[in-house]
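Below, all heavy atoms of this structure are taken into account, side chains as well, without hydrogens, waters or symmetry copies.
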Amino acid sequence: MTLKRTTVYVDAEDLQVIKEAAAREGVSEAEIIRQAVHRTALARKTWDEPFFARTYPPASGKVTDTAEATEAMWEEKARQYRDSKGDAA
């Protein structure tokens, strides 16, 4: 990642919070600010795919309620994890 230099103006109270967090975590103030900017930028990014665009196969037949849909999603996630580890059952 290539870093670019910029100037950021913050409230004195926010700067104090940043300084305290940096000291507590043992990182630079710039790192705290970079992380915050990154999270905020991603939150405002326009994605190519809608957040809920992916679908998961139903556990059995037609999905009729939220609980069944959630169960189907976690079963698919577990299958993908097993497949990635080479332990397909």
Side-chain angles (χ1 to χ4, degrees):
M1 168 177 64
T2 303
L3 300 178
K4 300 287 185 175
R5 184 182 188 100
T6 189
T7 301
V8 177
Y9 293 91
V10 297
D11 291 328
E13 293 172 4
D14 291 338
L15 182 57
Q16 186 58 40
V17 171
I18 291 167
K19 287 178 179 289
E20 291 169 3
R24 184 177 56 253
E25 295 178 21
V27 298
S28 68
E29 294 167 28
E31 181 60 24
I32 299 289
I33 294 168
R34 276 193 293 273
Q35 291 173 0
V37 168
H38 181 68
R39 284 192 299 271
T40 302
L42 288 180
R44 287 177 166 77
K45 179 179 178 179
T46 302
W47 300 92
D48 294 335
E49 177 182 286
F51 185 70
F52 291 105
R54 295 191 180 146
T55 58
Y56 295 90
S60 60
K62 182 179 178 186
V63 175
T64 57
D65 62 22
T66 303
E68 189 174 348
T70 301
E71 180 183 342
M73 178 196 68
W74 285 113
E75 286 177 6
E76 177 64 12
K77 289 282 190 189
R79 184 196 62 76
Q80 291 173 355
Y81 177 78
R82 286 191 308 270
D83 289 351
S84 73
K85 297 296 182 187
D87 297 334

Given I32 and E25, is the side chain to side chain contact (heavy atoms under 4.5 Å, CB included) satisfied, shown in steps? CA-CA 9 Å; I32 299 289; E25 295 178 21; 3.9 Å; yes
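R82 is listed as a side-chain neighbour of R79, based on a closest heavy-atom distance under 4.5 Å.
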Would you give me the side-chain donor-acceptor pairs under 3.5 Å for residues 5-19, sequence neighbours excluded?
from : atom 1 : to  : atom 2 : distance (Å)
Q16  : NE2    : E20 : OE2    : 3.2
K19  : NZ     : E29 : OE2    : 3.3

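Sorted by first and then second residue, the pairs that involve residues 32-47 and meet salt bridge (Lys or Arg N to Asp or Glu O under 4.0 Å), not counting sequence neighbours, are E31-R34.
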